[in-house]
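Working notes, structure below.
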2 protein chains.
Amino acid sequence: MRMPPSKAAPKKTDAPLNGRRSRDREVIEAAVKLFWEKGYASTSVQDVADELGMMKGSLYYYIDGKDDLLRKIFEDSHREVQEIAERHRAADGKAVDRLRAFFEEYALWCLTHLQRASLYAREWRHASEDLRALMAVQRRYYDELLVPMIKSAIAEGSVSADLDIRMANYFIMSAITSIPDWFDPAGKLSADAVAKRYADLAMLVITRSAS
Amino acid sequence: MRMPPSKAAPKKTDAPLNGRRSRDREVIEAAVKLFWEKGYASTSVQDVADELGMMKGSLYYYIDGKDDLLRKIFEDSHREVQEIAERHRAADGKAVDRLRAFFEEYALWCLTHLQRASLYAREWRHASEDLRALMAVQRRYYDELLVPMIKSAIAEGSVSADLDIRMANYFIMSAITSIPDWFDPAGKLSADAVAKRYADLAMLVITRSAS
DNA sequence: CCTACCGATCGGTAGG
DNA sequence: CCTACCGATCGGTAGG
């Protein structure tokens with residue numbers, strides 16, 4: 001049973017989104033902030049317009065519809081995480097090292113994009129039908145991304161052959177993805193320290209599997 | 001136009017809720033199913049009435065308001081998980097064994113109450129203000145519940161003294177709580193098997209912490 | 001980017 | 001548990 005938060009909002013909405021014109025970016029950032037605070041379904045287009053100080057009708061100059069906002073947010077998130085995953089998949093070095101590096105960088109992305117990481121995990125149900133289909137493909141991509149790396153690590157002898165790859169995969173990825181549920185960016189722990197700790201714990205699960 | 005009473009036998013959407021009159025229970029089960037499918041905010045009181053084959057106005061004979069439905073669902077979930085936690089906290093035996101037993105039974109509760117476990121994690125934002133305050137207290141209860149058990153396990157020598165209790169706690173509890181995000185009750189894996197596997201993985205994190 | 005507006009639906013209530 | 005109804009708000013559009 002996940003626990004409700006004790007925490008207040010991070011001061012900055014989220015890490016900046018590159019590659020968009022500045023007003024478009026402000027629109028998306030306002031949506032991210034509000035969707036994160038109240039949920040997608042409970043946030044009205046009026047709320048987003050208020051946040052930006054414009055009339056609701058004017059917002060439709062920037063967006064095609066409310067679901068278009070969610071689509072843009074999800075596409076940005078997926079692109080950024082996919083880039084991280086591809087980089088570590090294709091990197092040189094032992095599979096066990098690439099796995100650890102991926103866990104740490106993915107955790108760090110979640111820690112530095114708390115709102116969008118949380119939204120992606122929480123609000124996919126409100127994506128339009130075709131976007132949900134795309135997200136299902138992306139989900140399989142992530143699941144299968146780790147399998148060859150873990151199998152390589154087993155072939156290297158770094159990981160016990162009787163590791164339940166699927167269970168370990170879900171266990172670790174769920175733990176990392178849930179970081180935004182508890183991490184307080186204004187607290188004592190730094191994002192870097194948590195990312196390293198989480199990568200350590202993940203590798204404990206991967207490499208110390210009992211035979 | 002309203003449809004005629006569609007009613008078939010209420011297919012079981014989740015494990016049964018005890019201690020309520022039968023019609024009250026059906027109302028809550030319909031709400032659980034719909035909130036889980038579409039989210040709380042996107043589910044209208046009309047949707048719940050349709051599911052039960054009654055007029056929207058009639059539903060207010062059973063509930064005080066839409067948020068009352070969510071309150072009842074959350075209270076049931078919390079009561080059940082708290083009972084599990086209290087039992088293992090107060091049990092005899094080594095702390096390390098009580099921890100493992102708690103992890104397994106908590107995982108099993110999530111596996112057999114997929115919809116309510118998922119709702120508690122996902123929809124707490126929509127709880128009324130006083131209910132959210134209560135949930136924050138409950139959250140601290142769960143966090144602090146594990147600490148004495150883990151400390152006892154360290155005192156017993158079952159667990160390394162340099163285990164980062166807080167990190168391990170978040171890592172494990174997040175992983176278990178996220179089970180409803182991927183588990184398919186119609187798939188090949190049994191709930192019992194997953195619960196045992198997850199308890200194994202959790203104990204790997206707890207007991208094999210590197211020094 | 002604003003004004004003015006649309007039909008649909010929202011949660012909820014009175015009275016039976 | 002139903003009928004009939006409420007004011008408020010919803011996402012979205014036309015025309016500028």
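From a predicted model like this one, the values you see are computed outputs, not experimental measurements. Chain letters run A, B, ... following the sequence lines, proteins first and then strands; every chain starts at 1.
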Sugar-phosphate only, base, or nothing, as touched by A:Met55 at under 4.0 Å among non-hydrogen atoms: base
Measuring from [X]:[atom1] to [Y]:[atom2], what's the distance to the nearest 0.5 Å?
X        : Y        : atom1 : atom2 : value
B:Thr177 : B:Tyr170 : OG1   : OH    : 12.0 Å
B:His78  : B:Ile73  : NE2   : CD1   : 16.0 Å
A:His126 : A:Thr43  : NE2   : OG1   : 10.0 Å
B:Met135 : B:Arg125 : CE    : CZ    : 11.0 Å

Test item: A:Arg132 side-chain N/O and A:Ala127 main-chain N/O as donor-acceptor pair under 3.5 Å: yes
side-chain hydrogen bond (donor to acceptor under 3.5 Å, both in side chains) contacts touching residues 179-194 of chain B (sequence neighbours left out): B:Trp182-B:Tyr198
Residue pair A:Arg71, A:Asp68: steps toward the salt bridge (Lys or Arg N to Asp or Glu O under 4.0 Å) verdict: CA-CA 5 Å; A:Arg71 206 199 76 240; A:Asp68 181 51; 2.5 Å; yes
Per-nucleotide protein contact string for nucleotides 11-16 of chain D, where B marks a base within reach and S marks sugar-phosphate only (heavy atoms under 4.0 Å, - for neither): BBB---
Value in whole Å for how far the P atom of D:dC1 lies from OH of B:Tyr61: 8 Å
Runs of at least three Watson-Crick or G-U pairs with DNA chain C, cut-off 3.5 Å: C:1-16 with D:1-16
Lys/Arg N to Asp/Glu carboxylate O, A:Arg79 vs A:Asp76, below 4.0 Å: yes
